[in-house]
Amino acid sequence: MDDAFGKGCHLHLIDGSAFIFRAYHALPPLTRKSDGLPVGAVAGFCNMLWRYVQTDDGHTAPTHAAVIFDHSSKTFRNDIYPAYKAQRPEPPEDLRPQFPLTRDATRAFNIACIETQGYEADDIIAAMACAARDAGGTATIISSDKDLMQLIGDGVDMLDPIKNKLIGRDEVFEKFGVFPDRVVDVQALAGDPVDNVPGAPGIGIKTAALLIQEYGDLETLLDRAAEIKQPKRRQTLIDHAEQIRISKRLVTLDCDTPLEVTLESLAVQRPDAERLVAFLSEMEFRTLTNRVAEVLGAEAPAIQAAPASDAPAAPEQPAIDASAYETVTDMAALEHWIAAIRETGHVAIDTETTGLDEMRADLVGLSLAVAPGRACYIPVGHVAGGDDLFGQSARVEGQLDLEQVLAALKPVLEDPGVLKIGQNMKYDWKMLARHGIEMTPLADTMLMSYALNAGTHNHGMDELAERYLGHKCIPIKELIGTGKSQLNFAQVAIDKAAPYAAEDADVTLRLWQHFAPMLPAQKVSTTYHTLERPMIPVLAQMEMAGIRIDPDVLRRMSNVFAQKMAQLEDEIHGLAGQSFNIGSPKQLGEILFDKMGLSGGKQGKTGAFSTSADVLEDLAAEGHDLPARVLDWRQIAKLKSTYTDALPTYVHPETGRVHTSYSITGAQTGRLSSTEPNLQNIPIRTEEGRRIRQAFIAPEGYRLVSLDYSQIELRILAHVADIPALKQAFREGIDIHAMTASQMFGVPVEGMDPMIRRQAKAINFGVIYGISGFGLSRNLRIPRAEAQAFIDTYFERFPEIRAYMDKTVADAKQDGYVTTLFGRRINTPGINQSGPAAGGARRAAINAPIQGAAADIIRRAMIRMPDAIADLPARMLLQVHDELVFEVRDDAAAQLIDTARIIMEAAAEPSVRLSVPLVVDAGQGANWAEAH
DNA sequence: ACGCTCACG
DNA sequence: GACGTACGTGAGCGTA
C-alpha cells in the first residue's frame with residue numbers, strides 16, 4: 001500500500017466544476033469534427049489540467065492530488081433552505097454531455113476523480129483539506145471561488161489557477177474585510193444572490209465586515225443587535241436574525257463530509273502516456289495530443305476527421321479462454337480485484353441469478369472483468385443440486401457471504417470515478433438496487449450496439465460476441481438444461497458456473513472496447529450518451545415502482561366475460577349446426593367457407609382461410625350472423641385471456657403491484673417495448689375493453705395522472721417535411737384532420753361532415769406510415785382507384801410531403817440508414833432490395849424518422865423527469881409511447897401536472913427548436929380510466 | 001416453434 | 001404490368 005499521509009505531504013484539491021464552467025465560457029463552442037459531439041469545455045479542461053500538471057513554478061509541488069466535482073444539483077443544503085441555488089439555470093445542453101467526459105479526462109491524466117451524492121464539491125474539498133491538515137500535512141485548493149476562502153488558515157492555502165496567484169490570509173482580508181475564520185459571518189450577513197443565500201437585506205460585504213469587526217463574531221452581533229446605532233440597520237438585524245442564521249449554515253463548510261477515499265490513495269502518479277494520448281486523440285484535440293505525446297515521449301496516433309468505417313486495428317488480445325478465470329472464495333482475493341478495478345478505472349460486471357425476473361430472482365453470483373482475459377466469478381448463492389425432504393437445498397460450502405461481498409463492492413460500484421460496464425445493465429442495476437447499491441456511472445454494450453446497429457440485428461450478448469468477437473459463448477442450456485427439468489442457476493455446480501459467468505464479463509468488457517471507439521466514428525455518441533444510457537436508471541426505477549392493480553375488479557369482469565362467452569358459444573354452435581372450437585381459425589374457416597359456402601379467399605403459406613376481423617366484418621356486413629357473433633366472442637375472449645385473467649398473475653407477492661419490464665432496444669425506431677406483462681397495449685378503443693383500465697389504481701391518498709402528447713407524430717412530420725399549411729394549423733391550434741379535409745375537398749372546417757374528416761384522418765396517418773393506394777383503400781373500405789385519387793390530391797395540396805418521402809428514401813438508399821431530428825440512427829438494410837420486400841423497407845424508412853423522433857422526445861422528457869419532480873410526492877410509473885403515467889399524492893396532482901407538462905412540452909429543446917408547438921393533454925383520477 | 005389474431009401507439 | 005402492402009410492438013392460442 002501507499003505510505004501514510006502525514007507530515008511532509010502536500011495535497012492539491014482541484015475544483016473540477018469551476019474548471020469546467022470556466023473552460024466552457026472561455027472557449028467558443030467547439031465540436032468534435034467526426035461526429036459533432038460538443039467538446040469545447042473538455043478541451044479547455046484538458047488544457048488547464050495539462051498546464052497544471054506541467055507547471056512547476058516554485059509553489060510547493062503536490063505529493064497528492066485530486067479533482068473534485070459537484071455531483072448533482074440537489075444537496076443537503078436544499079433541506080435547510082429549499083431555495084438554495086434554486087434559480088440557478090440548468091447547465092447548457094451542449095455542456096451536459098461534457099460532464100462525464102471531463103471525468104474521463106481527469107482519469108486519463110491519472111488524477112483521482114472525486115464526487116459524492118448530496119454534497120457539493122466545496123464540502124468535499126473542505127473535508128479533505130481538514131483531513132490533510134489533521135494528518136499533519138498541508139493542502140492547496142486550486143480554485144478562485146470565494147466560498148472556499150473560509151478554509152484558508154494554517155496548513156491550507158488557495159491558488160487561483162488563472163492568475164496563478166496564491167490566496168492567503170491577507171488576500172482574504174482584502175476581499176472580505178475579515179480574516180478567513182470570520183468569512184462565513186460576513187457571507188451570512190451579506191448573502192449571495194448568485195446562490196440564493198438570503199443574508200440580511202440591505203447589508204453588503206462592506207457593512208457586514210464593519211459589523212463583524214466591531215462585535216467580533218456573528219452570534220455576538222445578533223445578541224447585541226439592539227445596541228446598533230443606525231435604526232434601520234438595527235431593525236434589519238433583529239427582524240432577519242433567523243434568516244441570517246440559516247444563511248450562515250448555507251455558506252459554512254465543515255469537515256464532516258464523509259470521504260469515500262483515503263488521502264493515501266491520492267498519491268500523485270505520472271500520467272500513463274499511452275492512455276492520456278489515446279484519450280486526447282479520441283477527443284480529436286490535435287494540438288494538445290501532439291504536445292502531450294511529445295513531452296511524455298509517446299507516439300501520437302493520427303487523428304482522422306472521418307475515420308474509415310472499417311474497424312480500427314484492434315490491439316492484440318488474449319483469446320477468450322473459459323478455463324483461465326478465477327473463482328473468488330475469500331475476501332483477500334476480492335480485495336485484490338477491487339484494487340484492480342480502482343487501478344483501471346472501469347469494470348465489466350455481470351450478475352447471475354435464479355431467474356429472469358429481476359424483481360423476484362435472487363443473486364447467485366457476480367462476475368467481474370477488468371481487462372480482456374482478466375475476469376473472475378464470485379459465487380455467493382449456489383446450492384446443492386438435490387432438495388432435501390422439505391424442499392430446501394443446502395448452500396454449497398466455500399462461498400463468500402453475499403452481504404459481505406456487496407458491502408465490499410459497494411464503494412467502487414457507486415464511485416463516480418469508476419465506470420461500470422454491463423450488457424443489458426438495467427437488469428444488473430435492478431438486481432443490485434434491491435440490495436441498496438445504485439451503480440453509477442454506467443456503460444452498456446447492448447445500448448452501444450443499439451445506437452450503432454438498430455435495424456441491422458439484435459443486441460443480445462451471444463449474438464454480439466459472435467458477430468464482433470468471433471466467439472461463441474457457452475450456451476446457458478449447457479448448464480441448466482431445457483424444458484421441464486431445467487435447473488435454476490443456483491443449482492449449477494460452481495466449477496461449471498464460473499467459466500460461463502466470468503466469460504460473460506470478459507466478453508462484455510471486450511465488446512465495450514470494441515464499441516467505444518465506434519460510437520464517435522459512426523456519429524452516434526450523442527445518441528448513446530443522451531438518449532440510451534440515461535434511460536437505464538430511469539426505467540429501472542419505474543419498473544421497480546410498479547403500478548397497483550385491483551384484482552377483484554378484474555376477477556368480476558372475468559366472470560362476466562365467461563358467462564357472455566358461454567352464451568355466444570351456444571349461439572354460434574347453433575348457427576353453425578355443429579359444435580366446434582371457435583378459437584381455432586382453422587376450424588372456423590372450414591365452417592365458414594366449406595360448410596356454409598361463404599365467399600372468402602385462401603391465405604398465406606399454410607393455405608388456410610383467413611378469418612381475420614377484416615374478413616369477418618365484411619361477412620357480417622353482408623348480413624351473416626355467425627361471423628358477427630364470432631367477432632363478439634373473439635373480442636371478449638381476448639379481453640379475458642390476455643387481460644382480466646393474466647394481469648392478476650403478475651402481481652408481485654411482496655409489493656402487491658405489477659412490475660412490467662421495458663426493453664430499450666426492443667423496437668428499431670427508438671420506441672420502448674414492454675413485456676411481462678405488456679402494459680403498453682391495455683385496451684382503450686372499445687368501451688368494454690376500456691373498463692380494464694379501471695383496475696389500474698392508485699393507493700389510498702394517491703391519484704394516477706396521465707399526460708400525453710397530442711398528435712406528436714403529425715407535428716414532427718409538419719416540422720421535418722416543412723409543410724407550411726400543417727405548421728400553421730398546429731400553431732393556430734385548429735383541428736388538424738378537419739383542416740386536411742378542408743384543403744383536400746374544398747369544404748369549410750365549420751360544420752364538417754364527420755365522414756369526410758374520418759377519411760382525412762386516415763390519410764394523415766397513412767402518410768406517416770408510407771401510404772399506398774391499396775392500404776388506404778382497405779383501411780377506408782373504398783375502391784382502390786378512389787383511395788389513389790385521395791392520395792394524389794393530398795400530394796398536390798401538400799407537395800412538401802412527397803419531397804420529404806423521396807428525400808428520405810434516397811438518403812436511406814445512399815447511406816443505408818435514416819436519422820431522426822436528434823441524430824438517432826436507424827439502419828435500413830433491404831432498402832436496395834428488389835421485389836415485394838422493397839416496398840416494406842421503403843415504408844419503414846419513411847416512418848422511422850418520424851416515429852423515432854417522437855420516441856426521442858419522450859425519452860428526453862423521461863430522463864429529465866426524476867429531477868424535475870424530485871420535490872413532489874410523485875413517481876413516474878409507465879410510458880406508453882406518447883403518454884406518461886404517474887402516481888401522486890392527492891394534494892400534489894395539480895402541481896405535478898404543471899411540472900410534468902412543462903418538461904414534456906419543452907423536451908425537444910434546446911437540441912431542436914421545433915417550428916410547431918408540442919401540446920400535452922393531462923388527466924387525473926383514482927384509476928387509469930379516469931386519468932386518461 | 002410458428003402462424004394467426006388482436007390489443008396498443 | 002405484377003408483385004404485395006399501411007408503421008412499430010407483445011401475448012395467447014391452436015397447430016404442427
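The shown structure was predicted, so the numbers you read here are calculated from the model rather than taken from an experiment. Just so we're on the same page: letters track the sequence lines, and every chain starts at 1.
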Ignoring backbone atoms, establish whether [X] has a side-chain N or O less than 4.0 Å from OP1 or OP2 of [N].
| X | N | value |
| --- | --- | --- |
| A/Ser584 | C/dT15 | yes |
| A/Ser777 | C/dT5 | no |
| A/Arg843 | C/dC7 | yes |
| A/Ser673 | C/dG10 | yes |
| A/Asn581 | C/dG14 | yes |
| A/Arg685 | B/dG9 | yes |
| A/Ser674 | C/dG10 | no |

Heavy atoms from C-beta onward define the side chain here; which of [options] lies closest to that of [X]?
| X | options | result |
| --- | --- | --- |
| A/Ala646 | B/dA7, C/dG12, C/dA6 | C/dG12 |
| A/Asn847 | C/dC7, C/dA6, B/dA7 | C/dC7 |
| A/Ser772 | C/dG12, C/dG8, C/dT5 | C/dT5 |
| A/Ala844 | C/dT5, C/dC7, C/dA6 | C/dC7 |
| A/Pro585 | C/dT5, C/dG8, B/dC4 | B/dC4 |
| A/Thr642 | C/dG12, B/dG9, C/dT15 | C/dG12 |
| A/Ser612 | C/dA6, B/dC6, C/dT9 | B/dC6 |
| A/Thr669 | C/dA6, C/dA11, C/dG8 | C/dG8 |
| A/Ala667 | C/dG8, B/dT5, B/dG9 | C/dG8 |
| A/Ile684 | B/dG9, C/dG8, B/dC6 | B/dG9 |

Atom pair distance, as rounded to whole Å: [atom1] in [X] and [atom2] in [N]:
| X | N | atom1 | atom2 | answer |
| --- | --- | --- | --- | --- |
| A/Asn681 | C/dT9 | CG | C1' | 8 Å |
| A/Glu676 | C/dG12 | CD | P | 9 Å |
| A/Leu717 | C/dC7 | CG | P | 16 Å |
| A/Gln587 | B/dT5 | CD | P | 14 Å |
| A/Asn678 | B/dC8 | CG | P | 11 Å |
| A/Tyr662 | C/dT9 | OH | P | 17 Å |
| A/Asp708 | B/dG9 | CG | P | 9 Å |
| A/Phe561 | B/dC6 | CZ | P | 16 Å |

Mind checking A/Gly583 for me? I need base, sugar-phosphate or nothing, with any heavy atom below 4.0 Å counting as a touch. sugar-phosphate
Classify A/Gln668 by what it touches in the nucleic acid, base, sugar-phosphate, or nothing, heavy-atom distance under 4.0 Å.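 Counting heavy atoms under 4.0 Å across all strands, the contact made by A/Gln668 is with sugar-phosphate only.
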Checking only heavy atoms, does the side chain of A/Arg671 share a donor-acceptor pair with the base of C/dT9 at less than 3.5 Å? no
Classify the side-chain pair A/Asn764/A/Tyr794 by whether it contains a donor and acceptor separated by less than 3.5 Å. yes
[atom1]-based separation of [M] from [N] [nearest Å]:
| N | M | atom1 | value |
| --- | --- | --- | --- |
| B/dG3 | C/dT5 | P | 14 Å |
| C/dC3 | B/dC6 | C1' | 27 Å |
| C/dG4 | B/dC8 | P | 30 Å |

Would you say A/Lys807 has more than 12 foreign heavy atoms packed within less than 6.0 Å of its NZ? no
Please indicate whether A/Glu676 has more than 12 foreign heavy atoms, meaning atoms of other residues, nucleotides or ligands, lying under 6.0 Å from its CD. no
Regarding A/Arg797 and A/Asp792, does a basic nitrogen lie under 4.0 Å from an acidic carboxylate oxygen?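 Looking at A/Arg797 and A/Asp792, the cut-off is not met.
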Proximity of A/Tyr804 and A/Phe798 rings by center, below 6.0 Å: no
Taking all atoms of both residues into account, what is the closest heavy-atom pair of A/Val538 and A/Met862, and its distance?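 Between these two residues, the closest heavy atoms are CG1-O, 3.6 Å.
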